[in-house]
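For clarity, every value in this text was computed on a predicted model and none was experimentally measured. Position 1 is the first residue of the sequence, and the numbers go up from there.
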Amino acid sequence: MAEKSNIPLRVAIIGTGFGGRVQIPGFLKIGGVEIAGIMSTGRRENAEKVAADFGIKTVCDNYEEILQIPDLDAISIVSPPYQHCDMTLRAFAIGKHVLCEKPMAMNVDEARQMLEASRKTGLVGMIDHEFRYVPARAYARELIAQGWLGQLISANVTMLVGTSADPKARRWGWLFDREAGGGFLGALGSHYIDALRQWCGEIAAVTAEINTHVKSRFLPNSEETREVTADDTFSLLCRFAKGGQGVINVSVVTRFGSGEKIELFGSAGTLMINNEGHLYGAKAGEEKLQPIAIPAQYTDGPSSDDPRLRPFVTLATDFVEAIRRAKAAGKPLGEEISPSFADGFKVQQVIDAAQQAAETKRWISLPPPK
């Protein structure tokens, strides 16, 4: 993590869901950061409530208004994906750094525009793949880099939960609208694709099955229903450029599902992360998996009822310190801080290929790594 400085930093937040629950508390854990403004992409009263909870002075009604906040350094875009591209391009155009929620964009064309703008301006652009800083995942990455797995054989990710099985308990919103960028291939699959790229290298080809099992959901505070157009279940099979295969199998409508399990199998050893986030491993020749203690450097940080807070603070600190370096230099430095817009673009390539594969019922090759 970068060395801290005392240069003040002002960040505005677009979105009051994850933005209010995790991002604002996370940014406020970093010294010298002020939340300069808040905007809801749905209802102003949501922004007003979050502002009152955190003592934020400025509540804005639209994006152009929030961009005009005096001495604003950065924007964190925590809105639905269909807004990401336009918001990002506008922020870069007027010199603001950007932290963008995943999935990065609606498609590869939008993601490419965002990446090109980031590189052209030299401003800091990061994608909020905070799950790569979950302790077990982060330490697994270190062990893999040290050669724990050897040659990858198979990477298996399973997440089977029933959190969206009841259409009254989980009501209709943008996440269930494909035109808004909804769907769990983007919402959850983007995190797992990012993880597999870190652990196993670039993905060379994919095929997929993508489905919607709960066909309609009740509108908020209503007995009326609306058709669901985005996926709630998907299976993605991939081949890695360096060899080996991967499977991501996710459903959020499997009642009494087994939760999350990550298994990484190689010629030299195996790593496994269970539903409680505990890391296990064994080397070739050993009899069974054993618990692996995670060093304090991966677990130290703020505690919270929300397990996403600590990983987000780790990511946001890198974002903040990159901006402080640019401010100290008096100019954009052109740094690509990981998870970068280049990372987000590559994840978007896999998402688009998976959608194409599901529609055509065939394997789709991705551009070779550069």
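Distance alone, capped at 3.5 Å, places no donor-acceptor pair between the T41 side chain and the S79 backbone. For T270 (side chain) and G266 (main-chain N/O), no donor-acceptor pair under 3.5 Å exists by modelled atom type. Between the side chain of D128 and the backbone N or O of C100, no donor-acceptor pair lies under 3.5 Å. A donor-acceptor distance shorter than 3.5 angstrom exists from the side chain of T88 to the backbone of H84, with no hydrogens or angles considered. Listed for the K261 side chain is no donor-acceptor partner under 3.5 Å among the backbone atoms of I273. Proximity of a side-chain donor or acceptor of T225 to a complementary backbone N or O of F218 within less than 3.5 Å is not detected. When atom types are taken as modelled, the side chain of E321 and the backbone of D318 share no donor-acceptor pair closer than 3.5 angstrom. Counting only distance, with no hydrogens or angles, the side chain of R324 and the backbone of P8 share no donor-acceptor pair below 3.5 Å. Between the side chain of R171 and the main chain of S222, a donor-acceptor pair closer than 3.5 Å is present. When atom types are taken as modelled, the side chain of D177 and the backbone of V228 share no donor-acceptor pair closer than 3.5 angstrom.
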From CA spacing to verdict: salt bridge (Lys or Arg N to Asp or Glu O under 4.0 Å), E260, R137: CA-CA 13 Å; E260 180 186 77; R137 296 193 190 188; 3.0 Å; yes
Take R178 and T229 through the test side chain to side chain donor-acceptor pair (under 3.5 Å) and record every step on the way to the result. CA-CA 5 Å; R178 184 169 181 176; T229 58; over 6 Å; no
Determine whether D232 and T212 satisfy the following criterion, side chain to side chain donor-acceptor pair (under 3.5 Å), listing intermediate values before the conclusion. CA-CA 5 Å; D232 56 33; T212 304; 5.3 Å; no
Does the pair E64 and R90 meet the rule for a salt bridge (Lys or Arg N to Asp or Glu O under 4.0 Å), with working shown? CA-CA 9 Å; E64 287 299 323; R90 178 68 180 129; 2.9 Å; yes
Let's go through R21 and T16 carefully: what are the C-alpha distance in whole Å and the side-chain angles of both, what is the deciding distance for side chain to side chain donor-acceptor pair (under 3.5 Å) to 0.1 Å, and is it a yes or a no? CA-CA 8 Å; R21 290 189 297 273; T16 54; over 6 Å; no
May I have the step-by-step check of side chain to side chain donor-acceptor pair (under 3.5 Å) for S258 and N275, ending in yes or no? CA-CA 8 Å; S258 56; N275 191 47; over 6 Å; no
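Scanning all heavy atoms of the two residues, the minimum distance from L264 to A155 falls at CD2-CB, 3.6 Å. In plain terms, the two heavy atoms of S338 and M126 that are nearest each other are O-CE, 3.6 Å. In terms of heavy atoms, I153 sits closest to S267 at CD1-N, 3.9 Å.
Look at R308 and D306 and you find a salt bridge, because one of the NZ, NE, NH1 or NH2 atoms lies within 4.0 Å of a carboxylate O, short of that distance. Salt-bridge formation is not detected for the pair E227/K215: no Lys NZ or Arg NE/NH1/NH2 atom is positioned less than 4.0 Å from an Asp or Glu carboxylate oxygen. Residues K49 and E45 are not paired through a salt bridge, judged by the lack of any N-O separation under 4.0 Å between the basic side chain and the carboxylate. Electrostatic pairing of R119 and E335 does not count as a salt bridge here, judged by no charged N lying under 4.0 Å from a carboxylate O.
Stacking of R239 on the aromatic ring of W363 is recorded, both the 6.0 Å distance cut-off and the 45° axial limit being met.
Within 6.0 Å of NZ in K242 there are 12 or fewer heavy atoms belonging to other residues, nucleotides or ligands. Counting non-hydrogen atoms of other residues, nucleotides and ligands closer than 6.0 Å to NZ of K361 gives a total above 12. The number of heavy atoms from other shown groups lying within 6.0 Å of CG (D300) is above 12. Counted within 6.0 Å of CD on E179, heavy atoms from surrounding residues, nucleotides or ligands total 12 or fewer; the atom is thus considered open. For E224, the CD atom counts as loosely surrounded, since its 6.0 Å shell holds 12 or fewer non-hydrogen atoms of other residues, nucleotides or ligands.
Using modelled atom types, one finds a donor on one side chain and an acceptor on the other under 3.5 Å when comparing E142 with Q146. No side-chain N or O of Q355 forms a donor-acceptor pair with one of N107 less than 3.5 Å apart. Side-chain polar atoms of E110 and Y82 form no donor-acceptor pair below 3.5 angstrom.
Annotation: the span from Q356 atom CD to I364 atom CD1 amounts to 3.5 Å, rounded to 0.5 Å. The distance from the CD1 atom of I38 to the SG atom of C60 is 9.0 Å, given to the nearest 0.5 Å. To the nearest 0.5 angstrom, L185 atom CG is 10.5 Å from S235 atom OG. Between atom OG of residue S216 and atom CZ of residue F176 there is a gap of 11.5 Å, rounded to the nearest 0.5 Å. For the atom pair CD (Q348) and CG (D109), the distance works out to 10.0 Å, reported to the nearest 0.5 Å. The NZ atom of K346 lies 11.5 Å from the CG atom of D194; values are rounded to the nearest 0.5 Å.
Close placement of the F27 and F312 rings is indicated, their centers lying within 6.0 Å of each other.
Using a 4.5 Å cut-off on side-chain heavy atoms (C-beta onward), P368 and E202 make no contact. In this structure, E209 and F234 have side chains that are not in contact, with every pair of non-hydrogen atoms separated by 4.5 Å or more. Counting heavy atoms from C-beta outward, V134 and Y139 have side chains that stay 4.5 Å or more apart.
Results of the side chain to side chain contact (heavy atoms under 4.5 Å, CB included) test with V252 over L160, V161, T233 single out V161 as the only residue that passes. Each of K96, R10, K327 was compared with D73 under the salt bridge (Lys or Arg N to Asp or Glu O under 4.0 Å) criterion, and only K327 meets it.
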